[in-house]
K.L.:
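Handing you this structure, nothing more for now.
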Protein chains: 2
Amino acid sequence: MKRLTMADIAREAGVSKGAVSYALNGLPGVSDKTRRRILDIAERHGFTPNSAARALTGSPAGAIGLVLCRPARTLGVEPFFMELISGIEGELSARSIALSLQVVKDHEAEIAVYHRWWAERRVDGVLVVDVRTADARLDAVRRLRLPAVVIAGPADFDGLPSVWSDDGAAITEAVEYLYALGHRRIARVGGLPDLLHTAVRTAAFQEVCARLGFTRAETVLSDYTGEEGDRVTRRLLISADRPTAIIYDNDVMAVAGLAVAQEMGVSVPGELSLVAWGGSLLCGMVHPPLTALTRDVAGYGANAARRLLTLLEEGTVDSYQDTTAHLVPRGSTGPVPSRPARRR
Amino acid sequence: MKRLTMADIAREAGVSKGAVSYALNGLPGVSDKTRRRILDIAERHGFTPNSAARALTGSPAGAIGLVLCRPARTLGVEPFFMELISGIEGELSARSIALSLQVVKDHEAEIAVYHRWWAERRVDGVLVVDVRTADARLDAVRRLRLPAVVIAGPADFDGLPSVWSDDGAAITEAVEYLYALGHRRIARVGGLPDLLHTAVRTAAFQEVCARLGFTRAETVLSDYTGEEGDRVTRRLLISADRPTAIIYDNDVMAVAGLAVAQEMGVSVPGELSLVAWGGSLLCGMVHPPLTALTRDVAGYGANAARRLLTLLEEGTVDSYQDTTAHLVPRGSTGPVPSRPARRR
DNA sequence: CTGAAAGCGCTTACAG
DNA sequence: CTGAAAGCGCTTACAG
């Protein structure tokens with residue numbers, strides 16, 4: 001197949017290339033009749049303007065970028081990113097905007113990618129995820145003036161708009177629920193220590209536990225992998241005064257934790273209640289199904305993408321607080337056992 | 001930050017733009033001394049040529065495309081794609097080649113994406129996944145002469161090179177293993193009926209079961225989701241002459257199947273053996289951990305990406321048979337119970 | 001409302 | 001070995 005150009009369309013329509021450009025882009029400068037004729041011809045041939053040529057004249061590249069900075073093997077089991085990507089894609093593909101995806105091993109490499117994308121004009125803007133409490137990437141995109149929406153919060157990212165969700169409120173709800181069920185000894189298996197939302201959750205968890213007067217309320221930070229979920233849970237369950245409830249910062253660790261309980265013969269929810277964070281289908285697939293702090297991750301991604309598109313079009317956009325994750329009680333939580341937990 | 005162009009570099013080096021181009025691309029036409037000076041200056045400024053301008057002169061776009069045609073919500077829990085993407089990315093990012101990702105809802109939309117990518121010169125080639133027994137997408141990429149590597153096989157895709165894995169041999173190994181453990185009634189919960197590899201597995205499964213003389217050997221086709229894994233497993237377990245072993249076409253359905261067995265009080269592996277397909281970490285995260293047909297999915301993606309890059313460079317590339325998935329026995333399989341399975 | 005022309009930032013024959 | 005120039009396929013002021 002031959003790749004048509006605007007010159008071909010112009011020739012067939014008997015007009016100039018400029019007229020074709022105006023017609024295709026919906027700009028004034030051609031009569032309605034001519035416009036219609038040009039659009040018909042373009043449509044008939046399935047003509048799409050060469051994106052490189054457009055980009056060269058200063059038009060948008062028609063692509064946005066997403067860099068994932070996680071070890072490859074954990075990306076697979078972690079449903080969060082693929083759901084987020086699905087949501088982002090939904091917004092972009094409706095507008096025929098491409099998503100450029102790159103997986104890197106550290107922030108230095110990620111910043112290099114932003115530099116390259118910027119220099120090459122490859123993307124019009126980026127979505128930044130997994131924000132850390134001190135995050136050099138934010139400085140980098142600011143310096144490059146690369147339009148960006150940060151998926152994290154609440155925080156002031158000094159000029160960078162963000163889309164975020166109130167994780168503090170969500171975890172508070174979960175803890176209050178467990179308190180109401182009678183639990184007084186609780187543990188939390190947290191995510192990567194450096195991440196901003198880990199810090200937010202840790203602070204909220206400690207605050208609510210102190211307020212309600214839990215006998216024991218400890219956070220053990222981990223790394224979201226099943227291995228670590230397994231290891232930390234085992235340690236918690238063999239401890240002298242073991243918790244009667246555990247909250248996990250993602251669903252992968254919670255599933256692993258459930259397996260450990262089963263393996264050790266600790267009944268869930270009879271002797272131990274488990275709460276997962278993350279609403280992926282994973283939580284409903286195990287037995288007992290896991291009570292979880294759930295939110296619409298794909299919708300979260302869609303909101304972020306939409307904000308970025310607005311930023312690109314209007315040059316500015318406000319930060320947006322997405323809905324708070326809510327507790328979906330399933331089979332893994334129940335009243336605290338009246339008899340003391342069996343010591344081991 | 002100002003975006004530098006080759007003209008800026010040329011001016012600073014006191015040479016023509018052409019010389020800069022030759023130097024940057026490692027072409028003859030400049031002396032070693034001049035080349036070094038130009039490269040130094042470019043390096044110092046972190047100069048990267050504008051990708052749009054390059055693409056416009058017929059150079060590669062520096063991007064390859066991947067279209068995923070699965071419902072958004074199943075993409076999240078299915079570890080396969082994210083692992084595949086991780087592997088692809090590993091090959092591409094080393095060469096600074098971008099991955100354009102798009103999620104579509106049907107093949108018609110996917111073909112439209114290929115057309116657009118081709119017309120816009122957005123990508124240099126594509127990786128085609130989830131090939132069906134009759135697949136219009138293959139015709140489309142052939143007609144467009146869009147360089148493509150098909151991730152599927154074994155089959156002759158009429159000119160399109162492929163990277164594939166012998167699923168028939170793998171499932172045969174699994175069935176023979178179960179036979180050796182004494183199982184004579186077996187079921188398989190298959191993946192989407194239209195997919196080529198589902199057909200390959202079904203044929204091999206029936207062949208080996210017939211050869212070994214199983215009393216019962218049925219394949220129930222499904223859709224890879226946990227819901228269906230749950231539903232089909234429940235139906236199998238309440239059937240009169242229920243199987244003593246079940247093989248699942250992915251790990252998500254297998255995990256769901258395990259939960260059903262636990263819920264119904266069917267001991268695994270005491271009364272029921274389970275084999276999953278897919279080597280994601282998921283299989284090791286449940287209790288008991290699932291015996292699985294495992295393969296290096298990221299490596300599979302890397303191989304496919306590498307083949308595509310070779311195709312782009314050399315204009316042709318052979319198909320490649322990747323390693324066969326192998327059986328990793330874990331806790332979900334065991335000898336068939338000597339007493340007859342409990343009837344319900 | 002329409003056409004001719006310059007320019008985006010590269011690559012690549014073509015002369016010197 | 002080096003420079004000047006044309007051209008890739010668009011967009012967009014600028015004249016008519």
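Residue numbers begin at 1 in each chain, while the letters A, B, ... track the order of the sequences.
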K.L.:
Run through DNA chain C and report every stem of 3 or more consecutive Watson-Crick or G-U pairs, distances under 3.5 Å, ordered by first number.
P.N.:
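For DNA chain C the paired stretches long enough to count as stems (3 pairs minimum) are C:1-3 with D:14-16, C:5-12 with D:5-12, C:14-16 with D:1-3.
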K.L.:
How many angstroms lie between OG in B/Ser51 and CZ in A/Arg116, if you round to the nearest 0.5 Å?
P.N.:
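Spacing of OG (B/Ser51) from CZ (A/Arg116) equals 9.0 Å.
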K.L.:
Is the closest side-chain heavy-atom distance between B/Val150 and B/Val141 below 4.5 Å?
P.N.:
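SC-SC contact between B/Val150 and B/Val141 ruled out.
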K.L.:
Polar atoms only, N or O, under 3.5 Å: list the protein pairs with nucleotides 1-3 of chain D and their distances.
P.N.:
| residue | atom | partner | partner atom | Å |
| --- | --- | --- | --- | --- |
| D/dT2 | OP1 | B/Thr34 | OG1 | 3.2 |
| D/dT2 | OP2 | B/Ser31 | N | 2.8 |
| D/dG3 | OP2 | B/Ser16 | N | 3.3 |

K.L.:
Rounded to the nearest Å, what distance is computed from the CG atom of residue A/Leu24 to the P atom of nucleotide D/dT11?
P.N.:
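Rounded to the whole Å, the gap is 8 Å.
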K.L.:
Whole angstroms only, please: what is the CG-P distance between B/Asn50 and C/dC10?
P.N.:
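In whole Å, C/dC10 P and B/Asn50 CG are 6 Å from each other.
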K.L.:
Does A/Arg37 use its side chain to pair, donor to acceptor, with the backbone of A/Ala13 at less than 3.5 Å?
P.N.:
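Judged by distance alone, yes, a pair lies under 3.5 Å.
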K.L.:
Calculate the interatomic distance between B/Leu27 atom CG and C/dA13 atom P; express it in whole Å.
P.N.:
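In whole Å, C/dA13 P lies 10 Å from B/Leu27 CG.
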K.L.:
Let me spell it out: for each of B/Arg121 and B/Lys17, pick the nucleotide of DNA chain D with the closest heavy atom. Which residue's pick is nearer the 5' end?
P.N.:
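It is B/Lys17, whose closest nucleotide lies nearer the 5' terminus.
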K.L.:
C/dG9 C1' sits how many Å from B/Arg54 CZ, rounded?
P.N.:
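Atom CZ in B/Arg54 sits about 11 Å away from atom C1' in C/dG9.
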K.L.:
C/dT11, C/dC10, D/dC8: which one has an atom nearest the side-chain heavy atoms of B/Ser21?
P.N.:
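Selected nucleotide (nearest to the side chain): C/dT11.
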K.L.:
Quick one: which of C/dC10, D/dT11, D/dG9 gets closest to the side chain of B/Met6?
P.N.:
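Closest nucleotide among those given: C/dC10.
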K.L.:
Can you name the nearest heavy-atom pair linking B/Ala152 to B/Leu196, along with the distance?
P.N.:
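What the structure gives for the nearest pair is CB-CD2, 4.3 Å.
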K.L.:
What I'd like to find out is whether the side chain of B/Tyr22 reaches to under 4.5 Å of the side chain of B/Thr34, using heavy atoms alone.
P.N.:
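Heavy-atom side-chain distance check fails, nothing below 4.5 Å.
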K.L.:
Roughly how many Å is it from CZ in B/Arg3 to C1' in C/dC8, rounded to a whole number?
P.N.:
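In whole Å, C/dC8 C1' and B/Arg3 CZ are 12 Å from each other.
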K.L.:
Return yes when atom CD of A/Gln321 has more than 12 non-hydrogen atoms of other residues, nucleotides or ligands closer than 6.0 Å, and no otherwise.
P.N.:
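Yes.
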K.L.:
I need the CD1-C1' distance between B/Ile9 and C/dT11, as an integer number of Å.
P.N.:
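To the nearest whole Å, that distance equals 16 Å.
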K.L.:
Backbone N or O of A/Gly62 within a donor-acceptor pair of the A/Asp124 side chain at under 3.5 Å?
P.N.:
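Such a contact is found between A/Asp124 side chain and A/Gly62 backbone.
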K.L.:
Would you indicate whether A/Arg142, at its atom CZ, is surrounded by more than 12 heavy atoms from other residues, nucleotides or ligands within a distance under 6.0 Å?
P.N.:
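Result for CZ/A/Arg142: enclosed.
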K.L.:
Taking the six-membered ring of A/Tyr300 as reference, does the cationic atom of A/Arg295 (NZ for Lys, CZ for Arg) lie under 6.0 Å from its centre and within 45° of its axis?
P.N.:
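Ring-cation test returns yes.
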